[in-house]
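First the structure, in the form of C-alpha cells, and then the observations on it.
Numbering of residues begins at 1 and proceeds along the displayed sequence.
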Amino acid sequence: MKKLILGVFCICMLVGCGSKDAYERNESAGKIVTITLDEMQEKLSNKETFPIVFTTSYCGYCSEFHEVFEEYIKTHHVVMYEVVLDMEDRSEQENLDIILPHFPQFYSTPGVFFVKDGKNEEYLDFASLGMNEEVIDEWVQKHQLDRKK
C-alpha cells in the first residue's frame, strides 16, 4: 500500500498540478509596430506568426483601441503590427483586394487578427465582445502573445 501511495505521489510530482496551457508571461512593455500592406504580405508569405490590426487615422473606434491597447501593453510584452489603411498609396478598394483574401472577416476598423504560420487563425471581434483590457488579455493568453522567451 505504501508503494502505491508513493507511486501516485511521484506521478503527481512529475505531471504537476498546473494547466498544460500555462506559460510564463513577459510583463515588460510591448509595442505597436506600423507596417505597410506590402510588409504584411511579406510576413504572410514567410509564414510568420503575429497579431495584426488594420486601422485608419480618422476612426474613432481605432482611437479607442489605441487607448485601451497602449495602456494594456505597458505591462504585457505584446508586439502588435498595425497597418494604417489611409496611409497606403492605394485606393480603399485596392486595399480591400489585398486584405480580404487573407482576412475575409475584415469589415471595419479596427480589425484585429491573429496570424499563425502565415494563415489567419482568429479575428478578435470587438463589436460582440466589447473593447476592454479583459477581452484583449483573454485573447493574448489564448495565443500566448506575451510568452516570456
Side-chain angles (χ1 to χ4, degrees), residues 10-149:
C10 288
I11 289 172
C12 288
M13 292 299 290
L14 289 172
V15 173
C17 298
S19 166
K20 69 177 182 175
D21 295 331
Y23 66 98
E24 190 173 1
R25 300 179 79 181
N26 185 340
E27 295 177 351
S28 66
K31 63 184 174 179
I32 298 173
V33 177
T34 304
I35 62 172
T36 65
L37 280 174
D38 291 336
E39 291 169 318
M40 176 207 69
Q41 288 181 296
E42 186 176 325
K43 291 176 84 51
L44 293 171
S45 65
N46 290 338
K47 299 187 184 319
E48 294 181 35
T49 298
F50 58 97
I52 188 164
V53 59
F54 299 101
T55 64
T56 57
S57 60
Y58 53 83
C59 166
Y61 293 114
C62 297
S63 295
E64 182 182 351
F65 167 77
H66 274 278
E67 285 176 28
V68 173
F69 193 73
E70 287 172 8
E71 185 63 31
Y72 177 80
I73 61 174
K74 287 179 180 178
T75 57
H76 298 86
H77 190 80
V78 176
V79 177
M80 174 71 74
Y81 292 91
E82 176 181 26
V83 176
V84 183
L85 296 173
D86 55 314
M87 299 299 182
E88 292 289 313
D89 292 331
R90 296 178 175 91
S91 70
E92 188 174 315
Q93 187 57 54
E94 289 170 322
N95 287 343
L96 288 172
D97 290 344
I98 293 169
I99 295 168
L100 290 176
H102 304 287
F103 305 97
Q105 304 97 328
F106 177 73
Y107 65 92
S108 67
T109 56
V112 180
F113 297 86
F114 175 66
V115 175
K116 184 173 182 178
D117 301 326
K119 301 283 185 208
N120 172 17
E121 186 165 290
E122 186 179 18
Y123 169 59
L124 179 54
D125 186 4
F126 287 125
S128 64
L129 298 172
M131 190 179 310
N132 57 60
E133 286 192 38
E134 292 79 24
V135 167
I136 291 171
D137 192 55
E138 185 176 310
W139 188 74
V140 164
Q141 287 186 64
K142 178 177 182 181
H143 300 294
Q144 298 185 4
L145 298 176
D146 61 350
R147 176 184 279 280
K148 202 173 239 186
K149 296 190 171 61

Which heavy atom of [X] sits nearest to which heavy atom of [Y], and what is that distance?
{"X": "Pro110", "Y": "Cys62", "result": "N-SG, 3.7 Å"}
{"X": "Met131", "Y": "Tyr61", "result": "CE-O, 3.8 Å"}
{"X": "Thr49", "Y": "Asp117", "result": "OG1-N, 2.9 Å"}
{"X": "Glu88", "Y": "Leu37", "result": "OE2-N, 3.1 Å"}
{"X": "Leu96", "Y": "Pro101", "result": "O-CD, 4.1 Å"}
{"X": "Lys74", "Y": "Glu70", "result": "CG-O, 3.4 Å"}

Note: Asp38-Arg90 ion pair, threshold 4.0 Å (strictly below): yes
NZ/NE/NH1/NH2 to OD/OE distance under 4.0 Å, Arg25 and Asp137: yes
If you draw a 6.0 Å radius around [atom1] in [X], do more than 12 non-hydrogen atoms from other residues or ligands fall strictly inside?
{"X": "Glu48", "atom1": "CD", "answer": "yes"}
{"X": "Glu42", "atom1": "CD", "answer": "no"}
{"X": "Gln41", "atom1": "CD", "answer": "yes"}
{"X": "Asn46", "atom1": "CG", "answer": "yes"}

Geometric cation-pi criterion, Lys148 with Tyr23: 6.0 Å, 45°: no
Donor + acceptor pair across side chains of Asp125, Gln105 (<3.5 Å): no
Flag for Asp86-Ser57: side-chain donor and acceptor within less than 3.5 Å: yes
Nearest-0.5 Å distance that lies between atom [atom1] in [X] and atom [atom2] in [Y]:
{"X": "Met80", "Y": "Ile73", "atom1": "CE", "atom2": "CD1", "answer": "8.5 Å"}
{"X": "Ile99", "Y": "Glu94", "atom1": "CD1", "atom2": "CD", "answer": "12.0 Å"}
{"X": "Lys43", "Y": "Phe50", "atom1": "NZ", "atom2": "CZ", "answer": "5.5 Å"}
{"X": "Phe113", "Y": "Lys119", "atom1": "CZ", "atom2": "NZ", "answer": "15.5 Å"}

Flag side-chain contact, heavy atom, 4.5 Å: Ile52 against Val112: no
Minimum side-chain heavy-atom gap Leu44-Asn120 below 4.5 Å: no
Ring centre gap for Phe106 and Tyr123 strictly below 6.0 Å: no
Exam field: side chain His76 to backbone Glu27, donor-acceptor pair closer than 3.5 Å: no
